[in-house]
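These notes concern the structure reproduced below.
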Amino acid sequence: MSDANHTPADGSGPEHKTSNFLRAIIERDLEQGSYASRRWAGTPGDGAHHGQGEPDPAKIRTRFPPEPNGYLHVGHAKSICLNFGLARDYGGVCHMRFDDTNPEKEEKEYVDSILDAVQWLGFGWESSFKGKTESHLYYASDYFDFMYRAAEALVQAGLAYVDEQTPEQMRASRGDFTTPGTDSPFRARSPEENLARFREMRDGRHADGAMVLRAKIDMASPNINLRDPAIYRIRRATHHNTGDRWCIYPMYTFAHPIEDALENITHSICTLEFEDQRPFYDWLLDKLAELGLLARPLPRQYEFARLNLTYVITSKRKLAQLVNEGHVSGWDDPRMPTIVGLRRRGYTPESIQLFAERIGVTKADSWIDYSTLEIALRDDLENKAHRGMAVLDPVRLVLTNWDEVMGAGHLEPCSLPALPHVAEGRTPPPAREFTIGREVWIEREDFAEVPPKGYKRLFPGNKVRLKGGFVVECTGCEKDADGRITAVLATVVPDTKSGTPGADAVKVKAAITWVGVADGVAAEVRLYDRLFTDAHPDAGGKDFKASLNPDSCRVITAYVEPSLAQAVPDQKFQFERHGYFVADRQDHAPGRPVFNRITGLKDSWGK
């Protein structure tokens, strides 16, 4: 895992990023010393705990706080890159924290998958403190004791009360945007009565849903979130971390600001739907600081626009529906927008980081076209992915004069560069080696018995170059009883092998890709495309399943050159003329090559 403190604190290193409003806020806070007085005791804790520590070595602290109730998707990837990236760039630390306050929906499987996703994206949660490596992997449930103590402090201060109204009564008394709320009949209870009742809740003396603890703020507030929000509820459920110790659990809006404060977070960055909750965030932390439980300066919450990507849905419920109903093969299906799905599709961590950087951070909701993600992938793989030839719709090309010109059964060795462009100072990879003989596989679309206007590939009487091999002249074709072409016929032009003297003596207008029948390898190729045909599949209450793309996965048998058959799982390639492909990380194996199409060489969707 990376040490966040290795990067220049001012963001002026070689990877200086484009400015945005969050960077401007952080730079202003650093310049003004807004958090310079903070102290850090080495572990999360209350004000007294940190007061015994030393000046915080992290200039800022951010956090990535997922709830472990599902697999992360591309929207989470943006948040990961943002929170970990800001900490990296400004000499800070990003905490990896699980917001596990809902025991009914959380599983260890999701915890493990989230940790794996963050590390795969290139980020870690360790830093150096007092000469030791310090892990910043935290769980909200580890703070349940403090949260309960904070709730009791609010009760004793007259800032919280136990409400025994039914959920329906509470909803009715809350009012709406035009009507103020009305006080609960239990709101005037004394702190002593509320404390006794709250402890009864804690001790399991009341049924689930029988009562809740509410903050006492302002039932007439224009912000409905400040109309005495619930902060604790009774829920008998086994928690993955605390077991059956608790039968009451804090509400997320109560727990989250406390988690930030205990962890010394400076900039609590979340998406815009939490903007209306910010006044409660500030109210709660301010009251707990006044009661002596937390030390100032307190965390501040900032909101940014979530990622809206065309042709994608990010609702966990809807993604689970796709999996459970068998529309996809699982959470890691390469058509899914989950991080595990993107990884299996062949996306690289660098491409997703590049995508996150390019789309930027704003406070205004907008839609990002899916092609932006694909462009980032192409830009990352252009100078990384080794080239190779593959024939996806094969038909035999028979060189009828091969034995006469080259010798019966002869196989001529050929080679092409694995990477056509190698950065200055870098050693180029070894060339790809393959052979050409009497028969090769070509793409069916590379032959036309009657060529359309402007067609430059194989048709009777025309010459083309077999890339890396010889110039050939088409003489015709063979067909079966149904008129389907079974073989294309041509003659090899002597002394035209690529890279040899005189190879360019015969001029041609096209070069086509091919794979030798003698050494080509059959491979399963999965031609993945977008999962939906509608750019906004679930907008306006639409049935998202109605726009599932029936051609989002086509499985074919192709032929690939020998170098591709030697691929290891998760290795990326550019299949020349076809696009970028990856050896499937689950199913690809020696003797059984399986490749997934990541994306084409250019965006052709809808064109």
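This is a predicted model, so every value here is computed, not measured. Hydrogens, waters and symmetry mates play no part in the numbers below; they use all other heavy atoms, side chains included.
- The local environment of CD in E404 is sparse, with at most 12 non-hydrogen atoms from other residues, nucleotides or ligands closer than 6.0 Å.
- For F544, the ring pair (Phe, Tyr, Trp, His ring centres under 6.0 Å) criterion is met by no residue, not counting sequence neighbours.
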Please step through salt bridge (charged side-chain N to carboxylate O under 4.0 Å, His left out) for the pair R343 and D332, ending with a clear verdict.
CA-CA 8 Å; R343 182 178 182 181; D332 69 342; over 6 Å; no
Give the table of side-chain donor-acceptor pairs shorter than 3.5 Å for residues 406-418, with sequence neighbours excluded, one pair per line with atom names and distance.
residue, atom, partner, partner atom, Å
H410, NE2, E412, OE1, 2.7
E412, OE2, K497, NZ, 3.0

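- Aromatic rings of F304 and F21 (six-membered ring for Trp) have centroids beyond the 6.0 Å cut-off, not under it.
- Residues A390 and V560 approach most closely at CB-CG1, 3.8 Å, considering heavy atoms.
- Residues forming a ring pair (Phe, Tyr, Trp, His ring centres under 6.0 Å) with H578 (at least two apart in sequence, or on another chain): none.
- Nearest heavy-atom pair, L342 versus P337, reported as atom, atom and distance to 0.1 Å: CD1-O, 4.0 Å.
- With rounding to the nearest 0.5 angstrom, the OH atom of Y580 is 11.0 Å from the NZ atom of K384.
- In this structure, F447 has its ring center no closer than 6.0 Å to that of F459.
- Between D333 and R345 there is no salt bridge, since no side-chain N of the basic residue sits under 4.0 Å from a carboxylate O of the acidic one.
- Evaluation of the side chain to side chain donor-acceptor pair (under 3.5 Å) rule for R592 yields E524 as partners, not counting sequence neighbours.
- Atom NZ of K542 has more than 12 heavy atoms from other residues, nucleotides or ligands within 6.0 Å.
- Salt-bridge annotation for D365 and K363: absent, with no side-chain N of the basic residue lying under 4.0 Å from a carboxylate O of the acidic one.
- Remark: side-chain polar atoms of T271 are not paired, donor with acceptor, to backbone N or O of E273 under 3.5 angstrom.
- Across every non-hydrogen atom of Y110 and P68, the tightest pair is CD1-O, 3.3 Å.
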Cut-off 3.5 Å, no hydrogens considered: what does the side-chain donor-acceptor table look like for residues 504-514, sequence neighbours left out?
residue, atom, partner, partner atom, Å
K507, NZ, D504, O, 3.3
T513, OG1, R577, NH1, 3.3
W514, NE1, K467, O, 2.7

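- For R554, the CZ atom sits in a loose shell: 12 or fewer heavy atoms of surrounding residues, nucleotides or ligands are nearer than 6.0 Å.
- A cation-pi arrangement is absent between R597 and Y528 under the rule of less than 6.0 angstrom and at most 45 degrees off the ring axis.
- Between K479 and E449, at least one side-chain nitrogen of the basic residue sits less than 4.0 Å from a carboxylate oxygen of the acidic one, meeting the salt-bridge criterion.
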Check step by step if side chain to side chain contact (heavy atoms under 4.5 Å, CB included) holds for I598 and Y347.
CA-CA 7 Å; I598 318 173; Y347 278 86; 4.0 Å; yes
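- The residues K78 and E357 are annotated as not salt-bridged, no charged nitrogen and carboxylate oxygen being separated by less than 4.0 angstrom.
- A heavy-atom distance below 4.5 Å is not found between the side chains of V391 and I442.
- In summary, the aromatic rings of H95 and F64 are positioned with their centroids too far apart to meet the 6.0 Å limit.
- Considering all non-hydrogen atoms of both residues, A565 and V521 come closest at CB-CG2, 3.6 Å.
- Classification of R387 and E576 as a salt-bridged pair fails, no side-chain N sitting under 4.0 Å from a carboxylate O.
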Please assess D587 against R526 for the test salt bridge (charged side-chain N to carboxylate O under 4.0 Å, His left out), listing each intermediate value before the final yes or no.
CA-CA 11 Å; D587 299 333; R526 299 166 180 173; 2.8 Å; yes
Give the intermediate values and the outcome of salt bridge (charged side-chain N to carboxylate O under 4.0 Å, His left out) for residues D543 and K318.
CA-CA 10 Å; D543 176 9; K318 293 175 182 177; over 6 Å; no
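- Taking all atoms of both residues into account, the shortest heavy-atom contact from Y370 to Y311 is CB-CD1, 4.2 Å.
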Taking it one step at a time, do E67 and K316 satisfy salt bridge (charged side-chain N to carboxylate O under 4.0 Å, His left out)?
CA-CA 11 Å; E67 185 180 355; K316 289 181 182 177; 5.6 Å; no
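- Looking at every heavy atom in both residues, L397 comes nearest to V472 through CD2-CG2, 4.5 Å.
- Within the model, atoms OH of Y455 and CG of D446 stand 5.5 Å from one another, a figure rounded to the nearest 0.5 Å.
- Of the possible donor and acceptor atoms, one in the side chain of N324 sits under 3.5 Å from a partner among the backbone N and O of A320.
- Once rounded to the nearest 0.5 Å, the distance linking CD1 of I436 with CZ of F470 reads 6.5 Å.
- When ring centroids are compared, F595 and F581 stay outside the 6.0 Å threshold.
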Pairs of donor and acceptor atoms involving the side chains of residues 482-496, under 3.5 Å and at least two apart or interchain, shall be tabulated with distances.
residue, atom, partner, partner atom, Å
T486, OG1, E478, O, 3.3
T496, OG1, V471, N, 3.0
T496, OG1, V493, O, 2.7

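- Between V312 and F532 the shortest side-chain heavy-atom distance does not fall below 4.5 Å.
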